[in-house]
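Sequence lines set the chain letters: A, B, ... in the order given, protein chains first and strands last, and positions in each chain run from 1.
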Amino acid sequence: MKAQDAFDANAEVALRLGAWWEANARDLPWRFGRTTPWGVLVSEVMSQQTQMSRVVPYWQSWMERWPDARALADAPKAEVITAWGRLGYPRRALRLQECAQAVAGQYADELPQTYDALTALPGIGDYTASAVLSFAFGRRIAVIDTNIRRVLSRVFVGTESRGGAASAAERALANRVLPKDVKRSVTWNQSVMELGAVVCTAKNPLCDACPIAHDCAFLKAGRPGLGEKRTRPRQRFQGTDRQVRGLVLAALRALPAGTSLERSKVEQLWKDHGQLAACVASLDDDGLIEIAKDGSLSLPQG
DNA sequence: GTCCGGACGC
DNA sequence: GCGTCGGGAC
C-alpha cells in the first residue's frame, strides 16, 4: 500500500469516527472542557484498569473535596485511602497524592506539559501522560492503551493485538495513523478509545453498530481469532493476596476515623494466618496501613 | 469464566 | 518481559 493510500483511507476513517464521536460520546463529567488539567489527570489515574461507570461517582466527590493538586497534597493519608473506597489498587491513591505533592511543590500547583515531566510524576506512565497531553492540553501525541491497540490492529492490520506491552509495530502504527492536524488528533484519540470501549470490544464487538465497519480489515478478513486469548492473562482474584489485602483495608476504612482494629479482630478477617500476616506486612510496606506495637492496625495517621 | 481507558519493580 | 497490585460487571 502506498503512503498516500494509507493517508486517504485514514482521513475517511477519521471523518466517520469524528461524526460518530459527536453523536455518541458518553457524557463523562471530565470531558468537553468541564474540568481542569488536574481533573483530567485524576480521571485517568482512577480509570487505570477500572471501568468508567465505576469511576464517575468517585471522581465527582473526589474533585469536590480536593479540587486541585495542592488540596490533595495537604490531605491526611487516611482520608485519601478512605475516599478511594472500592476503586481497587489502592496504591494508586497514595501515588496520586504523591503526584499532587510533586505538582504543588515543584510546579506551583500547575501540571507540567511535557511527556518527560509528566512520566516522572508518581503513578503517571506512558498512557496517562499521553492522555493528559492530548485530552487536557490539546497536544498532538499518540495515546496507546488497550482499547486503542485493539481497534487500530483490527481496523488497519486485520488481526487481534497481542498481549503484553505495546510492540514497536503497534506504536509505529498509532503514530502513522494519528491525524496531522492537532485538533483532529485529539478527537481521533478520544473517538478510537471510545469506540474500543463501547463498540469494538474485546470479546463481542458490535460490528453492526460500527461507524467504520466498511473500512475494517478485521471484519473483511472474517474476524480471525475473535474471542481467542489476546491480552495478557489476568490474575485470579479469589484467594489471592489481593483479595486478602482488600479485606484488611476494607475493615480499616470502616472504622471510625482515628481508631484502630485490634489484633484479634484482624485475625478473624482470613483463616490462613500465614497469608494474612504476609498481606498485612505488604500493606505496611506500601504505606497503606500502620501496625502498632500490640499488633492492632490502622490507616496511616501521618 | 473474561475483561476492564496501567504502573511499577525486578 | 513477567509478576504483582482490587473489585466489579457481564
Going by atom types alone, do [X] and [Y] pair a side-chain donor with an acceptor below 3.5 Å?
| X | Y | answer |
| --- | --- | --- |
| A:E44 | A:Y127 | yes |
| A:T201 | A:R150 | no |
| A:D241 | A:Q275 | yes |

Give the nucleotide from the list C:dG7, B:dG5, C:dG6 with an atom nearest to the side chain of A:A197.
B:dG5
With no angle test and no hydrogens, is the base of B:dG5 tied to the side chain of A:Y127 by a donor-acceptor pair under 3.5 Å?
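Yes, a donor-acceptor pair under 3.5 Å.
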Between the base of B:dG5 and the side chain of A:R31, is one N or O donor paired with an acceptor at under 3.5 angstrom?
yes
Using a strict heavy-atom distance below 4.0 Å, which residues from [range] are in contact with DNA chain C?
| range | result |
| --- | --- |
| residues 67-87 of chain A | A:R86, A:L87 |
| residues 36-51 of chain A | A:Q49, A:T50, A:Q51 |
| residues 181-194 of chain A | none |

Output yes when at least one side-chain N/O atom of [X] is less than 4.0 Å from OP1 or OP2 of [N], else no.
| X | N | answer |
| --- | --- | --- |
| A:R150 | B:dG5 | no |
| A:T128 | B:dA7 | yes |
| A:R54 | C:dA9 | no |

With a 4.0 Å cut-off on heavy atoms, is [X] in touch with a base, just the backbone sugar-phosphate, or nothing at all?
| X | value |
| --- | --- |
| A:L94 | nothing |
| A:G88 | base |
| A:R149 | nothing |
| A:D286 | nothing |

Which whole-number value in Å describes the distance from [X] [atom1] to [N] [atom2]?
| X | N | atom1 | atom2 | value |
| --- | --- | --- | --- | --- |
| A:R236 | C:dG8 | CZ | P | 16 Å |
| A:D126 | B:dG9 | CG | C1' | 17 Å |
| A:F237 | C:dG3 | CZ | C1' | 17 Å |
| A:R95 | C:dC5 | CZ | P | 12 Å |
| A:Q238 | B:dG1 | CD | C1' | 12 Å |
| A:R91 | B:dA7 | CZ | C1' | 9 Å |
| A:Q243 | C:dC5 | CD | P | 12 Å |
| A:M52 | C:dG7 | CE | P | 18 Å |

If you group Ile, Leu, Val, Met, Phe, Trp and Tyr whenever their side-chain heavy atoms sit less than 4.5 Å apart, what else falls in with A:L288?
A:I81, A:L94, A:V244, A:L247, A:V248, A:L249, A:L252, A:L255, A:L261, A:V266, A:L269, A:W270, A:L276, A:V280, A:L283, A:I289, A:I291, A:L297, A:L299
What is the minimum heavy-atom distance between [X] and [Y], and which atoms define it?
| X | Y | answer |
| --- | --- | --- |
| A:W188 | A:P179 | CG-CD, 3.3 Å |
| A:G196 | A:N147 | O-ND2, 3.2 Å |
| A:L195 | A:L17 | CD2-CD2, 4.0 Å |
| A:G163 | A:R149 | O-NH2, 4.0 Å |

Same-atom distance ([atom1]) from [N] to [M], integer angstrom:
| N | M | atom1 | answer |
| --- | --- | --- | --- |
| B:dG9 | C:dG6 | P | 15 Å |
| B:dA7 | C:dG8 | P | 22 Å |
| C:dT4 | B:dG5 | P | 24 Å |

Start at the 5' end of DNA chain B and walk down; is the nucleotide closest to A:D145 or to A:I124 reached first?
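Nearer the 5' end of the strand: A:D145.
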Along DNA chain B (nearest heavy atom to each residue), the more 5'-positioned of A:G196 and A:L121
A:G196
Contact list for residues 17-58 of chain A, test ring-ring contact (aromatic ring centres under 6.0 Å, His included), sequence neighbours left out
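Residue pairs with at least one partner in residues 17-58 of chain A: A:W30-A:W59.
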Applying salt bridge (charged side-chain N to carboxylate O under 4.0 Å, His left out), can you list everything that pairs with A:R16, at least two apart in sequence or on another chain?
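Residues passing salt bridge (charged side-chain N to carboxylate O under 4.0 Å, His left out) with A:R16: A:E12, A:D215.
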Heavy atoms from other residues, nucleotides or ligands near CZ of A:R140 exceed 12 (cutoff 6.0 Å)
yes
So, A:S134 side chain and A:S130 main chain: donor-acceptor pair closer than 3.5 Å or not?
no
Given side chain to side chain donor-acceptor pair (under 3.5 Å), test A:S153 with A:E160 step by step and report yes or no.
CA-CA 6 Å; A:S153 182; A:E160 295 283 31; over 6 Å; no
